[in-house]
*Asks:* 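Sharing a structure below in structure tokens format, with a few things to ask.
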Amino acid sequence: MAMPTPRPPRNPRALLSYVPFLFKPNRGSSSPFADPIKLLKKSAETKNLRIGKLVHAHLITSTQASKTQDVFHANSLINFYAKCGDISIARQLFDQMSERNIVSWSALMAGYLHNGLALEVLVLFKQMFSVDNLRPNEYIFAIALASCSVSGRIEEGKQCHGYVLKSGLEFHQYVKNALIHMYSRCSDVEGAIWVLNTLPGYDVVSYNSVINGLVELGYLKEALEATARMASEYKAWDNVTYISLFGLSARLKDLNLGKQVHGQMLKSDLDCDVFVSSAIVDMYGKCGNILNARKVFDCLQDRNVVSWTALMAAYFQNGCFEEALNLFSVMEVEDFMPNEYTFAVLLNSSASLSALRLGDLLHARIKKSGFKGHTIVGNALIIMYSKSGNIKGANKVFSDLIFRDSVTWNAMISGYSHHGLGKEALDLFQDMLTSVVSPNYVTFIGVLSACAHLGLVQEGLYYLNHLMRKMGIEPGLEHYTCIVGLLSRAGLLDEAENFMRSTPVKWDVIAWRTLVNACHVLRNYGLGKRIAESVMLMDPHDVGTYILLSNMYAKESRWDGVVKIWKLMRERNIKKEPGVSWLEIRNITHVFVSEDNKHPESSQIYEKVGELLAKIKPLGYVPNIAAVLHDVEDEQKENYLSYHSEKLAIAYGLMKTPSEASIRVIKNLRMCDDCHSAAKLISKVTNRVIIVRDANRFHHFQDGCCSCADYW
DNA sequence: ATAGGGTTAG
């Protein structure tokens, strides 16, 4: 039994006098329990479990016997317990009643609805006629329809709709709005709009439900149309309207629309509560206007954890990861407690910086804060560990997470893929198929790239052509690009090109560059150059293509070609980003730029690089001087190679960390051939695990091998 | 006279 046996208070008057709203000195001698029904209502509204229970106790023991048998008192009690979340007590009282009316049913059903037990509402809905011979009224319909909405039961919702029409209660605005909301939430926008247009009468809630439903389902064009219609028909917008419209602007990334809505809001006399203001901050952030997001935030007199998180998210979405992280300490100084969303944004920011150390610190805070079981936090932790190069850490979080959604599975599957662990990715995909979560569009990107890693051409094509269709997922550009990678990685370059030419897809530069890169790796320079030349015509500003093309000319010792490309780049003002690598040692991030000597320990580092290269030469390391500019003497070329930023970073890591520690380096560009073969051998001679995250993927160097199997 | 209902930010 959940509730202790009620006992009468020794001196109820003394106890109750602590509560201001009960203290009525002018009312003379009347007992505080004079109007228990009002008291219960007040206790329910304020969720004051203690006072309500006192009233309950008083009703049980009061001299007027069996007050709890009275249907009004019992209904008030049911409502009170249901509102306070004690739904099982409400149910007991309900079951014990000798006589119930329609309010008894609606109070209990509303309780189940608001306590997340929507399906129980539908059970009761079916029982009320057979048990008590009662017909639903407009209240019952509103609750039942809301239960269909939250549980996504469109079939039951449609049955309710028919029943509403039969009972003639469709003219109640509450019922109509509940119907619109039900269709919206059950992804049946046509149904929602049909109700809006067919049944007479609308208010702001009707429009809010329609627009909100359209926005949530991604029907942004239709949402815009509905907004235009509302703007002409209905002017009395409320907070919810503005929040929906800011959400719409944010999803469209339409700064102009957002500004218009903002202006409209300022002109109206709507008071901008903390909900609306967070939506504005979010809108400016998502529309890329971080300055306005900041300005709005700075002007707020009312802030809460959501406003802070919205601002942090705005910085994160605009690539200002350090700023997002710095806001956290300001927020803490001002005494706002972070919640699960805050931690998710912080983890995503630290993941984008590959700041593993910071990520670990955040993880520790999350364990203490009690948010670690939240799915969005777990998802962010998996992404953080995976992007920071710690795939084992990611897997640990995944295993410990109890409630996994599709993001959880996708993050782990694509994490394995990025780390070259194709088998683990596919095994996990099999587990996902037996779980309660269904694969989606994103899942198959990870699955297909895992197939590419493993060279599983047949499986990959099966997933694309059969499994995805069977699951109702329309393949998109990303999937087709994975297939290009899959075919070309398996050495089927011609098939890959034919696939691209015969599939009616609007290919982008990334897809073509996948093919060019494959030609480069597989040394089919003829095909590679031909395709690269045509990609250059498609997009004359894609740096990656120029670099690949010049590398291929260099591999063939076609220095005239290399000169041609570099000249073209100069003419078109296309600059290769300088190579930058960095690694964290204890709390400090050390940054290395190719050929620079800005680091205070520069000379020791160069000495270490020389030492390492000397050690690996006997194991077969040959400096790949073709990777360097042609117009330099060979000896000089070898020097240039040894100054590559990832070599400097690896050398520094070896100097500064204990001999068993693994080294994690992050690089902004694709790792070069020479550094790749050097890193393999360095991992062997030093007996270290070296993990490099480059622009595309992770390389795990261990015992002379790399997880990418020399294809990247 | 009296108890019960729909939309909402990161």
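Labels below follow one simple rule: chain letters A, B, ... track the order of the sequence lines, proteins then strands, and each chain is numbered from 1.
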*Asks:* For A/Asn137, which contact category applies under a 4.0 Å heavy-atom criterion: base, sugar-phosphate, or nothing?
*Replies:*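 Counting heavy atoms under 4.0 Å across all strands, the contact made by A/Asn137 includes a base.
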*Asks:* What are the residues of residues 287-301 of chain A, sorted by number, that bring a heavy atom to within less than 4.0 Å of DNA chain B?
*Replies:*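 Result for residues 287-301 of chain A: none.
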*Asks:* Which is it for A/Phe321 and A/Phe316 under the ring pair (Phe, Tyr, Trp, His ring centres under 6.0 Å) test, yes or no, and what are the steps along the way?
*Replies:* CA-CA 5 Å; A/Phe321 310 121; A/Phe316 166 73; 5.7 Å; yes
*Asks:* Round to the nearest Å and state the distance from A/Phe246 atom CZ to B/dG10 atom P.
*Replies:*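 So the CZ-P distance, A/Phe246 to B/dG10, works out to 12 Å.
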*Asks:* Less than 6.0 Å separating the ring centroids of A/His56 and A/Phe80?
*Replies:*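 No, ring centres 6.0 Å or more apart.
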*Asks:* Side chains of A/Gln264 and A/Leu245: does their closest heavy-atom pair fall under 4.5 Å?
*Replies:* no
*Asks:* Check the distance between B/dG10's P and A/Met337's CE and give it to me in whole angstrom.
*Replies:*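 From A/Met337 CE to B/dG10 P: 22 Å.
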*Asks:* How many Å lie between CG on A/Leu113 and C1' on B/dT7, as a whole number?
*Replies:*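 Nearest whole value for this atom pair: 13 Å.
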*Asks:* Rounded to whole Å, how long is the line connecting atom NE2 of A/His374 with atom C1' of B/dG10?
*Replies:*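 Whole-Å distance recorded here is 14 Å.
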*Asks:* Report yes if at least one side-chain N or O of A/Lys41 is closer than 4.0 Å to OP1 or OP2 of B/dA1; otherwise report no.
*Replies:*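 It does not, given that no N or O in the side chain of A/Lys41 lies less than 4.0 Å from OP1 or OP2 of B/dA1.
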*Asks:* From A/Cys148 SG over to A/His181 NE2, what is the distance, rounded to the nearest 0.5 angstrom?
*Replies:*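 These two atoms lie 11.5 Å from each other.
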*Asks:* So how far is it from A/Arg365 CZ to A/Leu361 CG, rounded to the nearest 0.5 Å?
*Replies:*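 That separation rounds to 10.0 Å.
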*Asks:* When we call it a touch if two heavy atoms are under 4.0 Å apart, what does A/Val204 touch: a base, just sugar-phosphate, or nothing?
*Replies:* nothing
*Asks:* Does the B/dA1 base have a donor-acceptor partner in the side chain of A/Asp35 within less than 3.5 Å?
*Replies:*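 Under the 3.5 Å cut-off, the side chain and the base do not form any donor-acceptor pair.
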*Asks:* Any idea which of B/dA9, B/dG5, B/dT2 is nearest the A/Asn304 side chain?
*Replies:*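 Closest nucleotide among those given: B/dA9.
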*Asks:* Consider the side chain of A/Ile143, meaning its heavy atoms from C-beta on, and name the nucleotide among B/dG5, B/dT7, B/dG10 that approaches it most closely.
*Replies:* B/dG5
*Asks:* Which nucleotide in the set B/dA9, B/dG10, B/dA3 lies at the smallest distance from any side-chain heavy atom of A/Asn101?
*Replies:* B/dA3
*Asks:* Ignoring the backbone of A/Ile37, work out which of B/dT2, B/dG10, B/dT7 is nearest its side chain.
*Replies:* B/dT2
*Asks:* Give one of base, sugar-phosphate or nothing for A/Asn212, where a contact means two heavy atoms less than 4.0 Å apart.
*Replies:* sugar-phosphate
*Asks:* In this structure, how many angstroms lie between the C1' atom of B/dA3 and the CG atom of A/Leu39, rounded?
*Replies:* 14 Å
*Asks:* In whole angstrom, what separates A/Glu340's CD from B/dA9's P?
*Replies:*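 The distance from CD of A/Glu340 to P of B/dA9 comes to 14 Å, rounded to the nearest Å.
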*Asks:* Distance check, rounded to the nearest 0.5 Å: A/Tyr242 atom OH versus A/Ile280 atom CD1?
*Replies:*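 One gets 10.0 Å once the value is rounded to the nearest 0.5 Å.
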*Asks:* Considering only side-chain heavy atoms of A/Ile243, which listed nucleotide, B/dG4, B/dT8, B/dG10, is closest?
*Replies:* B/dT8
*Asks:* Does A/Asn75 contact B/dG4 through a side-chain donor or acceptor facing the base, at a distance under 3.5 Å?
*Replies:* no
*Asks:* Output side-chain donor-acceptor pairs under 3.5 Å for residues 135-145 of chain A, partner residues at least two apart or in another chain, one line each.
*Replies:*
| residue | atom | partner | partner atom | Å |
| --- | --- | --- | --- | --- |
| A/Asn137 | OD1 | A/Tyr139 | N | 3.1 |
| A/Asn137 | OD1 | A/Ile140 | N | 3.0 |

*Asks:* Could you check which of B/dA3, B/dG10, B/dT7 has an atom nearest any side-chain atom of A/Asp282?
*Replies:* B/dG10
*Asks:* In whole angstrom, give the distance that lies between atom NE2 of A/His114 and atom P of B/dG4.
*Replies:*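 For the pair A/His114 NE2 and B/dG4 P, the rounded distance is 12 Å.
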*Asks:* For this output row, return yes or no: ring centroids of A/Phe343 and A/His374 closer than 6.0 angstrom.
*Replies:*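 For A/Phe343 and A/His374, the ring centres are not under 6.0 Å apart.
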*Asks:* Measure from OH on A/Tyr207 to P on B/dT8 and round the result to the nearest Å.
*Replies:* 18 Å
*Asks:* Considering only B/dT7, B/dG10, B/dG4, which nucleotide approaches the side chain of A/Tyr139 most closely?
*Replies:* B/dG4
*Asks:* Do any pairs count as a side-chain hydrogen bond (donor to acceptor under 3.5 Å, both in side chains) and have a residue in residues 297-309 of chain A, sequence neighbours left out, and if so which ones?
*Replies:* A/Arg294-A/Asp298, A/Asn304-A/Ser307, A/Thr309-A/Thr342
*Asks:* Heavy atoms under 4.0 Å, any strand shown: does A/Val274 hit a base, just sugar-phosphate, or nothing?
*Replies:*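 Base, at least one base heavy atom under 4.0 Å.
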*Asks:* Looking only at the side chain of A/Ala279 (C-beta and beyond, no hydrogens), which of the listed nucleotides B/dA9, B/dT2, B/dG4 gets closest?
*Replies:* B/dA9
*Asks:* With respect to the side chain of A/Val240, which nucleotide from B/dA3, B/dG5, B/dT7 is positioned closest?
*Replies:*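 Of B/dA3, B/dG5, B/dT7, B/dT7 is nearest to the side chain of A/Val240.
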*Asks:* Answer with base, sugar-phosphate or nothing: what part of the nucleic acid does A/Ala313 contact at a heavy-atom distance below 4.0 Å?
*Replies:*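 Sugar-phosphate only.
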*Asks:* Which one, B/dT7, B/dG10, B/dA3, comes nearest to the side chain of A/Asn339?
*Replies:*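 Among the listed nucleotides, the one closest to the side chain of A/Asn339 is B/dG10.
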